[in-house]
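None of the values given here were measured: they were computed from a predicted structure. Order of appearance sets the numbers: ligands from 1, and atoms from 1 within every ligand. Side chains included, hydrogens not; waters and symmetry mates left out as well; all remaining heavy atoms used.
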Amino acid sequence: MTIKEVQDEILRLKKEKDICILAHSYQAREIIEIADYTGDSYALSKIAAKAPNKTVIMCGVRFMAETCKILSPEKTVILSSPTAGCPMAEQMDKEFILDLKKKHPGYTVVAYVNTTAALKTVCDVCVTSSSALEIVSKIESKDIIFVPDINLGTYVKENLPEKNVLLLQGGCPVHAAVTAEEAAEARRLHPDAELLVHPECIPAVAKQADYIGSTSGIMDYAVRSDRKEFIIGTENSIAEHLQYMCPEKRFYPLSKGFICKDMKATTLMDVLDCCKGTGGEEIILDEETIRDARKCIDAMISLGG
Ligand code: 13P
Ligand code: SF4
């Protein structure tokens, strides 16, 4: 089958079976093309909750499919590739957080959405990379424990000096691998380009940026800007998608190695198998996990996230 034939078959099956396909912006172009919605992690879950379809296929990583299930427990949620995890989401477990809470009574535990459902059950408020500053600024308590990403946490701490933010050693190995030297070299090679960086990057990279923001923030900034050249400081698929969206502009990846293999685990054939009912993994969460993890997400929504 050609790519086009596989895509056509997916489109036919999803209509026949009332399936909604969600694709994170880091997915490959041929998957983005057949998705009903594309966006960053939390935007996708919110869309999933509103979608009328009974079945949702999440082309992304496990925590995204779990967030989708927490917000839409009545739906069948399928993770397109069962091997697609997120190393950052799996860095801390419930017992570690419960122990932290004991050691730091009175602190509000803020969890990045890139965490497992189990971890969210023992955290107080969830944030996304696009909402972190707004949400943390609105939390009543001055004392905050931010998990798991030390880089996003540092960005929050530096921008909200009125808060006492306790950080721990965690983060995205893909974003954190990019060095300050690579950023400086990219700037040297493309002197007319603006550097747009995700806050999961280390502070020494973020400090060199013209703009720091989430996946959607970076894409919106580049699309709206009058400038013509951009160095993209997040997963390389974003530079590629932006190049298709704005052919008159130029987008340079900040680093050749800026690739998340978990996000790239899903193939178009995986999506076809999910539509046929022969592939993927249905996300099953018990009622208690859904109820407790939802409190963490609802706390973010009530603060405006
Ligand atoms: P956002 O899509 O929320 O910006 O997160 C980036 C990321 O690393 C997703 O796994
Ligand atoms: Fe996880 Fe980083 Fe990959 Fe996102 S890019 S899924 S945070 S490892």
Practice problem: Give the atoms of ligand 2, by number and element, whose distance to some non-hydrogen atom of Asn114 is under 4.0 Å. | Solution: 7 (S)
Quiz item: To the nearest 0.5 Å, what is the distance between OG1 (Thr83) and CZ (Arg62)?
Solution: 9.0 Å
Practice problem: Note the single closest protein heavy atom to atom 3 (O) of ligand 1, along with its residue, its atom name and the distance in Å. | Solution: Ser41 OG, 3.1 Å
Quiz item: Of Ile212, Leu254, Thr179, which is the lone residue that meets side chain to side chain contact (heavy atoms under 4.5 Å, CB included) with Val205?
Solution: Leu254
Self-check item: atom 4 (O) of ligand 1 [closest protein heavy-atom partner, distance rounded to 0.1 Å]
Solution: Thr215 OG1, 2.7 Å
Quiz item: For atom 3 (Fe) of ligand 2, what is the nearest protein heavy atom, given as residue, atom name and distance?
Solution: Cys260 SG, 2.4 Å
Exercise. Measure the spacing between CD1 of Ile135 and OG of Ser302 and express it to the nearest 0.5 Å.
Key: 8.0 Å
Practice problem: Before signing off on this row, confirm whether Ser214 and ligand 1 have an N or O atom pair separated by under 3.5 Å. | Solution: no
Practice problem: Determine whether any heavy atom of Tyr26 lies closer than 4.0 Å to an atom of ligand 2. | Solution: yes
Quiz item: Quick check: does Ser216 get an N/O under 3.5 Å from an N/O on ligand 1?
Solution: no
Self-check item: Nearest non-hydrogen protein atom, atom 1 (Fe) of ligand 2
Solution: Cys86 SG, 2.3 Å
Self-check item: pair Ile97-Cys123: side-chain heavy atoms closer than 4.5 Å
Solution: yes
Self-check item: Reported NE2-to-CG distance for the pair His175 and Asp149, which is rounded to 0.5 angstrom
Solution: 9.0 Å
Practice problem: Show which atoms of ligand 1 fall inside a sub-4.0 Å distance from at least one heavy-atom site of Asp40. | Solution: 1 (P), 2 (O), 3 (O)
Quiz prompt | Close-contact set for ligand 2 against Met88 heavy atoms, below 4.0 Å | solution = 7 (S)
Quiz item: Which distance, rounded to the nearest 0.5 Å, do you find between the CD1 of Ile19 and the OG1 of Thr55?
Solution: 5.5 Å
Quiz prompt | Asn151 side chain near Pro203 side chain, heavy-atom distance below 4.5 Å | solution = yes
Quiz item: Taking both backbone and side-chain atoms of Glu200, is any N or O found less than 3.5 Å from an N or O belonging to ligand 1?
Solution: yes
Self-check item: Pair Ser214-Ser216, side-chain donor/acceptor within less than 3.5 Å
Solution: no
Quiz item: Any non-hydrogen atom of Glu200 lying under 4.0 Å from ligand 2?
Solution: yes
Exercise. For ligand 1, indicate whether the residue Met64 contacts it via side chain, backbone, both or neither (heavy-atom separation under 4.0 Å).
Key: side chain
Quiz item: Please state which protein non-hydrogen atom is closest to atom 2 (Fe) of ligand 2 and give its distance, to 0.1 Å?
Solution: Cys172 SG, 2.3 Å
Quiz item: Regarding Ser129 and Tyr155, is there a side-chain donor-to-acceptor distance under 3.5 Å anywhere?
Solution: no
Self-check item: side chain to side chain contact (heavy atoms under 4.5 Å, CB included), paired with Lys69, selected from Thr76, Val77, Ile78
Solution: Val77
Practice problem: Quick one: look at His24 and ligand 1, take heavy-atom pairs under 4.0 Å, and tell me if it's side chain, backbone, both or neither. | Solution: side chain
Quiz prompt | Distance from atom 8 (S) of ligand 2 to nearest protein heavy atom, with residue and atom | solution = Pro87 CD, 3.5 Å
Quiz item: So which bit of Asn114 gets within less than 4.0 Å of ligand 1, heavy atoms only: side chain, backbone, both or neither?
Solution: side chain
Self-check item: Distance, nearest 0.5 Å, that separates CD of Glu182 from CD of Glu185
Solution: 9.5 Å
Exercise. Would you check the N or O atoms of Ser129, main chain and side chain alike, for any that come under 3.5 Å of an N or O of ligand 1?
Key: yes
Practice problem: Provide, to 0.1 Å, the distance between atom 7 (C) of ligand 1 and the closest protein heavy atom, together with that atom's residue and name. | Solution: Tyr26 OH, 3.5 Å
Quiz item: What distance do Ile284 atom CD1 and Glu282 atom CD have between them, rounded to the nearest 0.5 Å?
Solution: 4.0 Å
Quiz item: At a 4.0 Å threshold, what atoms of ligand 1 neighbour a non-hydrogen atom of Tyr112?
Solution: 5 (O)
Practice problem: Check if Met263 has a non-hydrogen atom at a distance under 4.0 Å from any atom of ligand 1. | Solution: yes
Exercise. For the residue pair Asp124 and Tyr107, confirm or rule out a side-chain donor-acceptor distance under 3.5 Å.
Key: no
